[in-house]
Amino acid sequence: MPSAEDTSVQQERSVVRPTREDEVAAAGSELIGGRSGRWSRLGSTALTPVGAVALVALGMFALGMVQKLPCYNWAWFQGAGSQYTHACYSDIPHLYAGRGFSDGLVPYFDRLPGDMQYLEYPVLTGVFMQIASWLTPGGSIQHQEQVYWLVNAGMLMICTAIITICVARTHRRRPWDGLLVALAPAFALTATINWDLLAVALTAAAMLMWSRSRPLAFGILIGLATAAKLYPVLLLGPAFVLCWRAGKWRAFWVATLGAAASWLVVNLPVMVFAPEGWKKFYTFSEERSIDFGSFWLIITQRTGESIEVSTVNTVSTLATVGLCAAIGALTLTAPRRPRFAQLVFLVVAVFILVNKVYSPQYVLWLIPLAALARPRWRDFLIWQACEVMYFLGIWMYLAYTTSGDKHQGLPTEGYQLAIALHLLGTLYLCAVIVRDILMPERDGVRRDGSDDPSGGVLDGAPDAFLLGRAAAHPPRHAALTVEGPRVEWGPGGTPAAD
């Protein structure tokens, strides 16, 4: 029998090395000594690939905190314009006082002064905010806001570690894909703007559980993530259509029931004892007018005409449903069943693209999904460049609108260009993922013979239902080798015989 050491060596050799299959990763590796050699021992030290990815992510997160220093020191507290010109704005310190945490008000139960009335965040995010306020000591209001941001940053740093570890472990043979998350510039820049990383961490953990064929754990985590942010519930859509094609209905229903149960556990106490406060997130989302970052804003600014909120809500909902239906049709007609991560990225991207608002931290929703759906550095960096330009664009535009007669910053036309770059970058990544679905031989994750490493019960399962043709045979898995074999593909998107 092979020894534990032999097994460890075989596992090391089966790990896909991006520097051997991605020209951009190979070029970038020159900064740290070049690509990994054929006989290198990746696990010969205590630092595993997953551990290395997590450390890089924490380092980048710390750099993102350093980028916020001008605001931390003074710009958050001395006029609006400086926090925009330094591109270091964050909701966290402003909402500490603005949502009653500095006064000891309890979210959802205590009414806020002013028009907001109640906290406009989902319940689990409100709990996260409340815990951070309990850990914030007294002092001047400026000192409290600074410490509140630091406490939240520490909690969000833990979320960052969870995200990168989960992404690195979701595809067993591709831990280094987690570096896409760890080194994403938009991740570092936007991580501490708001509390989105809580939902992103729960979603990343859910993806890991699905990849390990644990649909109940997946569903519970999706329910918790939805209790922190609305978008994670969209993951049940790809699970539904993929389980339909594979005939894995039990996994889908277990996941759905788990999601509903965990969401209710978090929300039900607030729903019962503070119904008005609980509803605020949903009424605020419905009543919110067209805001920054959306193509709707471009339309209204270019035409000078306002659009009724009800009209925007209706059109956005219909567009989301229609595009998701198209993704479902693509799933049921593709030559090979799409990977779970591919569909999740497309569905969440649709939700972002048609929404009436795009806050800069929303890019965090997509970064882990992009690393799993399209782990190619060139495409990822093209998209990230567009998102960084949008990140700078929105702050320069706000600086322009708050500079009065000085008109310092980015004018309206420039901001519209920044929005267009964000939209085009996201659409580009969607396009290459759709191409990979239609031409599975172009999918880098499947080049070694893998089917769906993040698919769990779907991985390697035969098709049970297809639109317009007979179900295909299950995909054949190629043997793992040191080199990472290339598989020849035959007609219909299935691997050809040797």
Lys/Arg-Asp/Glu bridge criterion (N-O < 4.0 Å) met for [X], [Y]:
X	Y	value
D452	R337	no
E120	R99	yes
R376	D379	no

Between [X] and [Y] (side chain of the first, backbone of the second, donor and acceptor by atom type, cut-off under 3.5 Å), is there such a pair?
X	Y	answer
S294	L297	yes
Q144	T136	no
T125	A228	yes
K248	F240	no
S403	K406	no
Q342	R339	yes
R245	T331	yes
S90	T192	yes
D459	G455	no
S262	I220	yes

Exercise. With W149, which of F77, Y89, W76 fulfils ring pair (Phe, Tyr, Trp, His ring centres under 6.0 Å)?
Worked result: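 The single option meeting the ring pair (Phe, Tyr, Trp, His ring centres under 6.0 Å) with W149 is W76.
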For this session: With W244 as reference, evaluate F252, W253, F465 under the ring pair (Phe, Tyr, Trp, His ring centres under 6.0 Å) test and give the passing residue.
Result: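 The option that passes is F465.
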With heavy-atom distances below 4.5 Å as the criterion, would you say the side chains of [X] and [Y] are in contact?
X	Y	result
Q78	Q142	no
L156	I92	yes
H171	W176	no
V241	L332	yes
I437	L346	yes
I141	S102	yes
W296	V315	yes
E305	T300	no

Just how far is it from atom [atom1] of [X] to atom [atom2] of [Y], taken to the nearest 0.5 Å?
X	Y	atom1	atom2	value
E387	L392	CD	CG	11.5 Å
Q117	T283	CD	OG1	8.0 Å
F101	L95	CZ	CG	8.0 Å
R374	L369	CZ	CG	15.5 Å
L197	F128	CG	CZ	8.0 Å

For this session: For Y358 and F295, run ring pair (Phe, Tyr, Trp, His ring centres under 6.0 Å): C-alpha distance rounded to whole Å, both residues' side-chain angles, the deciding distance at 0.1 Å, then the answer.
Result: CA-CA 9 Å; Y358 179 73; F295 76 92; over 10 Å; no
Please state whether the rings of [X] and [Y] are parallel, tilted or perpendicular, taking 30° and 60° as the class boundaries.
X	Y	value
Y415	F292	perpendicular
Y121	W195	perpendicular
Y400	Y397	parallel

More than 12 heavy atoms of other groups within 6.0 Å of [X] [atom1]:
X	atom1	answer
F109	CZ	yes
E286	CD	no
M389	CE	no
R435	CZ	yes

Nearest heavy-atom neighbours spanning [X] and [Y]:
X	Y	value
C88	Q67	CB-O, 3.7 Å
L398	T401	O-OG1, 2.9 Å
Q146	Y72	NE2-O, 2.7 Å
A188	M60	CB-O, 3.5 Å
G425	C386	CA-SG, 3.8 Å
L343	P238	CB-CB, 3.7 Å

Between the side chains of [X] and [Y], is a donor N or O closer than 3.5 angstrom to an acceptor N or O?
X	Y	value
D110	Y108	no
S133	Q130	yes
Y118	E276	no

Exercise. Knowing that exactly one of I419, L421, T426 qualifies, which makes a side-chain contact (heavy atoms from CB on, under 4.5 Å) with L423?
Worked result: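 Single pass found, and it is I419.
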Exercise. Step by step, would you call H422 with F391 a ring pair (Phe, Tyr, Trp, His ring centres under 6.0 Å)?
Worked result: CA-CA 9 Å; H422 144 65; F391 174 85; over 10 Å; no
Problem set entry | Verdict with reasoning, K280 to M116, per side-chain contact (heavy atoms from CB on, under 4.5 Å) | CA-CA 9 Å; K280 182 60 182 179; M116 186 55 66; 3.5 Å; yes
Exercise. Would K356 and D291 count as a salt bridge (charged side-chain N to carboxylate O under 4.0 Å, His left out) if you check the C-alpha gap in whole Å, the side-chain angles of each, and the deciding distance to 0.1 Å?
Worked result: CA-CA 6 Å; K356 57 187 175 183; D291 212 332; over 6 Å; no
Problem set entry | F345 and W365: CA distance, side-chain angles, deciding distance, ring pair (Phe, Tyr, Trp, His ring centres under 6.0 Å) verdict | CA-CA 9 Å; F345 180 91; W365 305 357; over 10 Å; no
Exercise. F340 and W210: aromatic ring centres closer than 6.0 Å?
Worked result: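 They qualify: ring centres under 6.0 Å apart.
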Problem set entry | salt bridge (charged side-chain N to carboxylate O under 4.0 Å, His left out): pairs with one or both residues in residues 225-243, sequence neighbours excluded | D196-K229
Exercise. Should W383 and I367 be marked as a side-chain contact (heavy atoms from CB on, under 4.5 Å) after you check the CA-CA gap, both sets of side-chain angles, and the distance that decides it?
Worked result: CA-CA 10 Å; W383 171 57; I367 288 175; 3.7 Å; yes
For this session: Run the numbers on L224 and W263 for side-chain contact (heavy atoms from CB on, under 4.5 Å), then give the verdict.
Result: CA-CA 6 Å; L224 294 175; W263 184 88; over 6 Å; no
For this session: List the steps, then state whether side-chain contact (heavy atoms from CB on, under 4.5 Å) holds for R212 with R169.
Result: CA-CA 10 Å; R212 298 297 189 263; R169 295 186 61 195; 4.0 Å; yes
